[in-house]
Amino acid sequence: MYALSLEKVSKHYGRLTALDNIDLKVKPNTIFGLLGSNGAGKTTMISCITGTEHKDDGKIKVFGKDIDKQTQESKFQIGVVPQEFNFSIFEKVKDIIIWQAGYYGKSSNEVKERLNFLLHELNLYDKRNQPARNLSGGMKRRLMIARALIHKPKLLFLDEPTAGVDVDLRAQTWKFIEKLKKEEKMTIFLTTHYLEEAEQMCDEIAIIKSGKILKSASKKSLLNELESEVFTVKTNKPIKIESKAIKFYQTTKGQTEVEVSKSTKLSAVFELAHKKQVEIYDIRPKTNQLERLYLQLNQ
Amino acid sequence: MKNLQFKIYKTLVKKEVTRFTRIWTQTILPPIINQSLYFIIFGQFIGSQIANIQGLSYMQFLVPGLLMMGMINASYSNVVSSFFGSKFQRSIEEILVAPVSKTTMIFGFISGGILRGLLVGALIYLVSLFFTQFQVYSIMQVILFSILTASAFALAGLINGIYAKKFDDISIIPTFVLTPLTYFGGVFYALESLPEFWVALSKFNPIVYMIDGFRAGFYNINYFQNSTNLTVLIVLNIALFALAYKLIQKVTRA
Ligand SMILES: Nc1ncnc2c1ncn2[C@@H]1O[C@H](COP(=O)(O)OP(=O)(O)OP(=O)(O)O)[C@@H](O)[C@H]1O
Ligand SMILES: [Mg+2]
């Protein structure tokens with residue numbers, strides 16, 4: 001059974017097609033990354049799944065439960081961290097989370113332990129009695145994460161969880177997401193504009209453009225689709241070679257890179273450099289392979 | 001699942017009550033000051049120069065109408081501002097993503113309005129005791145009409161809140177519809193004393209029936225039959241609920 005499946009889902013805003021016949025499947029206990037440029041339809045898709053927006057067409061199932069027919073059962077499985085802040089800034093941090101528990105029929109006593117656990121995990125414990133307007137941007141985002149997790153959902157939606165978040169906190173957020181996957185057996189559905197991040201963290205990746213899914217596959221198979229791989233290299237002198245299998249070039253930032261076709265052995269790169277009397281000190285795979293694929297697909 | 005919705009309902013009500021009691025200087029105090037001014041100026045200063053109405057001093061006659069006026073405004077504005085506020089801050093999404101049925105959502109919001117209406121009504125009632133004495137003929141009828149009136153206006157406030165796109169939209173109906181209807185609803189005068197044309201026109205104003213039935217609960221004097229008053233109120237409540245139910249299906253994050 002899939003954690004999430006969309007069948008021919010469409011959504012229009014007036015004449016604009018925000019989601020165009022979307023088919024998508026998410027396996028349980030994976031981190032699924034939805035990538036796409038501004039206005040591609042990521043938030044709209046999450047909204048249609050989570051009930052803050054109505055789809056026009058199609059079928060959506062959450063752990064096999066149809067969101068139209070088994071609405072309440074499916075909603076118990078879902079937690080949502082939206083892109084934009086959506087809590088009352090006048091309420092206290094802990095009250096916001098407790099009210100949310102109440103919307104799942106849970107009293108504040110029943111969620112006491114969970115609340116404290118989440119407040120500690122997300123570094124909000126000291127702020128628990130503050131009105132939400134007193135929180136920093138990063139804290140507000142963490143508050144929304146805590147709120148989304150209070151009822152122990154099995155499928156967590158994170159709409160750009162790391163946008164506008166500092167490096168430290170971003171790393172922490174990712175660690176926490178990994179922990180949720182591992183310890184709570186959660187399935188994570190997230191959107192991000194940081195392709196490097198997606199490449200490192202996601203098991204599955206889908207790319208959406210103008211409401212259409214261009215690609216949806218495991219990260220591995222996606223990266224395998226790239227005909228070539230790019231390495232950053234350090235050499236004793238500048239080198240520029242254009243051949244079919246191996247291309248040395250300088251990036252705009254002055255970094256030397258070499259693009260090697262999949263069928264070529266790495267030793268051939270050294271041989272070629274050696275022939276040109278260039279010595280390679282260092283060679284490492286460039287991390288954001290995904291970016292290349294993304295740019296190719298998005299053209 | 002029934003039990004679940006009831007638990008959710010309790011959360012919604014608790015949250016609404018917490019909200020309006022937290023900001024009591026905006027929600028509870030103003031109507032009490034307002035109505036006290038009416039009591040002093042209309043009841044005491046002007047009322048002393050007005051002949052008794054159906055055996056009641058003008059002050060006595062005024063009390064039920066002013067109570068209703070306070071309750072109508074309180075229940076309406078509670079729901080419209082709470083609902084619009086949660087749309088504006090997007091916190092309505094907290095409810096939309098959770099297993100809250102549409103019926104529970106409606107009842108949760110309007111219960112908050114009804115409770116604020118009843119609280120404001122009870123407090124104005126206490127204040128009125130400083131100005132005059134009266135016996136309550138039927139406490140049951142007073143309570144029944146209070147609740148049905150408050151719920152009708154709570155529902156109307158909800159409908160306004162669903163439609164509202166900006167802050168202006170939540171003051172248009174109160175200013176242009178609610179206040180005139182209340183003033184023409186028989187708070188300050190008995191229908192008997194009006195020319196026929198105005199009586200005929202008044203019959204289209206639902207508030208007339210509310211105040212008539214409510215006042216009858218105090219003094220056992222009616223213009224309309226009690227059953228007429230009650231029927232109007234019940235039909236109005238059902239119609240408003242049906243409309244609210246239809247509209248709330250369409251509420252989204254936007
Ligand atoms: N409420 C709305 N009314 C009209 N159009 C809308 C509405 N919400 C979204 N859209 C449009 O739908 C399209 C998809 O928007 P969406 O918010 O899903 O994009 P996104 O992929 O989340 O973008 P971003 O990365 O900027 O968050 C956009 O063209 C947007 O303008
Ligand atoms: Mg978005």
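Sequence lines set the chain letters: A, B, ... in the order given, protein chains first and strands last, and positions in each chain run from 1. What you see is a predicted model, and the numbers here were worked out from it, not measured in a lab.
- At a 4.5 Å heavy-atom cutoff, Ile49(A) makes no contact with chain B through either its backbone or its side chain.
- At a heavy-atom separation below 4.5 angstrom, chain A is approached by Val100(B), Ser101(B) within residues 100-107 of chain B.
- Heavy-atom contacts from other residues, nucleotides or ligands closer than 6.0 Å to NZ of Lys106(A) number 12 or fewer.
- In this structure, Thr11(B) and Tyr104(A) have side chains that are not in contact, with every pair of non-hydrogen atoms separated by 4.5 Å or more.
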task = Take Met144(A) and Glu94(B) through the side chain to side chain contact (heavy atoms under 4.5 Å, CB included) test and state the conclusion after the steps.
result = CA-CA 10 Å; Met144(A) 296 201 297; Glu94(B) 295 176 333; over 6 Å; no

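- You'll find the side chain of Trp99(A) reaches within 4.5 Å of the side chain of Thr18(B), heavy atoms only.
- Annotation: the span from Tyr103(A) atom OH to Ile95(B) atom CD1 amounts to 4.0 Å, rounded to 0.5 Å.
- Using a 4.5 Å cut-off between heavy atoms, Thr71(A) makes no contact with chain B at all.
- The 12-atom threshold is not exceeded at OH of Tyr2(A), counting heavy atoms of other residues, nucleotides or ligands nearer than 6.0 Å.
- One finds the NZ atom of Lys15(B) at 6.5 Å from the OG atom of Ser88(A) (value rounded to the nearest 0.5 Å).
- To the nearest 0.5 Å, atoms CD (Gln89(B)) and CG (Asn86(A)) are separated by 10.0 Å.
- At most 12 heavy atoms of other shown residues, nucleotides or ligands fall within 6.0 angstrom of atom CZ in Phe184(B).
- The shortest side-chain heavy-atom distance between Gln72(A) and Gln5(B) falls under the 4.5 Å cut-off.
- Within 6.0 Å of atom NZ in Lys181(A), more than 12 heavy atoms from other residues, nucleotides or ligands are found, so the atom counts as buried in its surroundings.
- Listed for the Lys75(A) side chain is a donor-acceptor partner under 3.5 Å among the backbone atoms of Leu96(B).
- Residue Lys69(A) places its NZ atom among 12 or fewer non-hydrogen atoms of other residues, nucleotides or ligands, all under 6.0 Å distant.
- Using a 4.5 Å heavy-atom cutoff, the side chains of Glu93(B) and Phe87(A) are not in contact.
- The shortest side-chain heavy-atom distance between Val97(B) and Gln100(A) falls under the 4.5 Å cut-off.
- Contact of Phe90(A) with chain B is made through backbone and side chain together, with heavy-atom distances under 4.5 Å.
- For the pair Arg90(B)/Thr52(A), no side-chain contact is recorded, criterion being any heavy-atom separation below 4.5 Å from C-beta on.
- With rounding to the nearest 0.5 angstrom, the CD atom of Gln249(B) is 7.5 Å from the NE2 atom of His54(A).
- No other option in Lys10(B), Arg19(B), Lys14(B) has as many heavy-atom pairs under 4.5 Å with chain A as Lys14(B).
- Counting only distance, with no hydrogens or angles, the side chain of His151(A) and the backbone of Ala98(B) share no donor-acceptor pair below 3.5 Å.
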